[in-house]
J.: 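Just dropping this structure here.
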Amino acid sequence: MKLTGTQDTISEFFMCALDCILYQRGVYPPEYFKPVKKFGIHCMSSTGEISQYLNEILVQVKEWLSRMDMHRLVLVIVDKQTMESVEKWEFTIEQTQTPGEKVDQQVSALIRQITASVSFLPILEPNSMTFNVLAYTKKNIQVPSKWIDAPKHQISNAQQLQLRSFTTDQNKVGGMVTYKLGEQ
């Protein structure tokens, strides 16, 4: 797999993971998604404005990946009423010299783990959440005017769950979810 293949794989994974999280966490109603097959598994893919928005983000992400300027992508789920961050899904990108084997299987295992982890996360009120996507890049790189600096989105009373990772020819991508524990 060439570097272009690595960028394509990581970008496609990000789209699949972001869609999966938005669907599974009920950020948008089910009718905003359609079933597709990616990485050998069936998953939900956003449609319309959501898909367009995520595609615009991932075009820039892919460019940063090609220059090795990005080291983390974060999806933050935010309560619409309070603007409090309730979940952070973080994906780290590290350079590696170890070529990955069976990349599609590794990616599908991570997507399945994201889907399965939803079963023990606190229940979110349907359609009461929104989201932000944060890209962590090298300092002093050129950032398009559409992108703005954002707060770190700290989560109080937080719990973390380390997710699987996958390795391409050039990068290792790892995942983690940080979530707010429910009120007791």
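Keep in mind that the numbers below use all heavy atoms, side chains included, and drop hydrogens, waters and symmetry copies. Keep in mind that what you see is a predicted model, and the values were worked out from it rather than measured.
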J.: Distance check, rounded to the nearest 0.5 Å: S51 atom OG versus F33 atom CZ?
T.: 10.0 Å
J.: Quick check: closest heavy atoms across I93 and L73, and the distance to 0.1 Å?
T.: CD1-N, 4.4 Å
J.: Find out if a path of hydrophobic residues (ILVMFWY) with successive side-chain heavy-atom gaps under 4.5 Å connects L75 to V59.
T.: no
J.: Side chains of Y28 and F131, heavy atoms from C-beta outward: is any pair under 4.5 Å?
T.: yes
J.: Take the angle between the ring planes of F13 and F91 and call it parallel below 30°, perpendicular above 60°, tilted in between.
T.: perpendicular
J.: To the nearest 0.5 Å, how far apart are CD1 in I10 and OG in S66?
T.: 11.0 Å
J.: Could you tell me the separation between the CG atom of L121 and the CD1 atom of I114, rounded to the nearest 0.5 Å?
T.: 11.0 Å
J.: Do Y23 and Y32 belong to the same hydrophobic cluster, where Ile, Leu, Val, Met, Phe, Trp and Tyr are linked whenever their side-chain heavy atoms lie under 4.5 Å apart, directly or via other members?
T.: yes
J.: So with a 6.0 Å cut-off around CD of E31, is the heavy-atom count from everything else above 12?
T.: yes
J.: Do S11 side-chain atoms and D8 backbone N/O form a donor-acceptor pair below 3.5 Å?
T.: no
J.: Restricting to non-hydrogen atoms, name the atom on K138 and the atom on R67 that form the minimum distance, rounded to 0.1 Å.
T.: NZ-O, 4.5 Å
J.: Please check this pair: side chain of Q106 against backbone of T167, looking for a donor-acceptor N/O pair closer than 3.5 Å.
T.: yes
J.: Rounded to the nearest 0.5 Å, what's the gap from CG on L22 to CE on M44? Could you check?
T.: 12.0 Å
J.: Of all the heavy-atom pairs spanning S165 and G174, show the shortest one and how long it is.
T.: CB-CA, 3.7 Å
J.: Looking only at heavy atoms, what is the nearest atom pair of A116 and S119, with distance?
T.: O-OG, 2.8 Å
J.: For residues T96 and K172, report the shortest heavy-atom separation together with the two atoms involved.
T.: CG2-N, 3.9 Å
J.: Do L18 and W89 come close enough that some side-chain heavy atom pair is under 4.5 Å?
T.: no
J.: Please check if V36 and F14 belong to a single hydrophobic cluster, counting links between Ile, Leu, Val, Met, Phe, Trp and Tyr side chain heavy atoms closer than 4.5 Å.
T.: no
J.: To the nearest 0.5 Å, what is the distance between NZ on K34 and OG1 on T47?
T.: 7.0 Å
J.: Okay, side chain of K80, backbone of N127: is any donor-acceptor separation there less than 3.5 Å?
T.: yes
J.: Quick one, E12 with V107, criterion side chain to side chain contact (heavy atoms under 4.5 Å, CB included). Give me CA distance, side-chain angles, the key distance, then yes/no.
T.: CA-CA 10 Å; E12 188 175 349; V107 173; over 6 Å; no
J.: Step by step, would you call S156 with K180 a side chain to side chain contact (heavy atoms under 4.5 Å, CB included)?
T.: CA-CA 6 Å; S156 60; K180 182 179 176 81; 3.2 Å; yes
J.: Taking the side chain as C-beta and beyond, is there a heavy-atom pair between R25 and E87 under 4.5 Å?
T.: yes
J.: Hydrophobic clustering (ILVMFWY, side-chain heavy atoms < 4.5 Å, transitive) - are Y136 and M176 grouped together?
T.: no
J.: Going hydrophobic residue to hydrophobic residue with side-chain gaps under 4.5 angstrom, can you get from L163 over to F120?
T.: yes
J.: For the pair M15 and K38, evaluate side chain to side chain contact (heavy atoms under 4.5 Å, CB included) and give the outcome as yes or no after the intermediate values.
T.: CA-CA 10 Å; M15 186 65 167; K38 290 185 179 179; 4.2 Å; yes
J.: Starting at OH of Y179, measure out to CD of Q160 and round the result to the nearest 0.5 Å.
T.: 9.5 Å
J.: Going through the distances and angles, do F166 and V103 end up as a side chain to side chain contact (heavy atoms under 4.5 Å, CB included)?
T.: CA-CA 7 Å; F166 69 90; V103 176; 4.2 Å; yes
J.: With a 4.5 Å limit on heavy-atom distance, are the side chains of P122 and L181 in contact?
T.: no
J.: Side chains of I141 and W64, heavy atoms from C-beta outward: is any pair under 4.5 Å?
T.: yes
J.: Using side-chain contact (heavy atoms from CB on, under 4.5 Å) as the criterion, point out the one residue from I77, T178, I155, V78 that pairs with V86.
T.: I77
J.: Does a donor on one side chain and an acceptor on the other come within less than 3.5 Å for D19 and S46?
T.: yes
J.: Please answer whether the main-chain N or O of V173 pairs with a side-chain N or O of E94 as donor and acceptor at a distance below 3.5 Å.
T.: no
J.: May I ask you to decide if R164's main-chain N or O and Q113's side chain share a donor-acceptor pair within less than 3.5 Å?
T.: yes
J.: Quick check: closest heavy atoms across S128 and E125, and the distance to 0.1 Å?
T.: OG-O, 2.7 Å
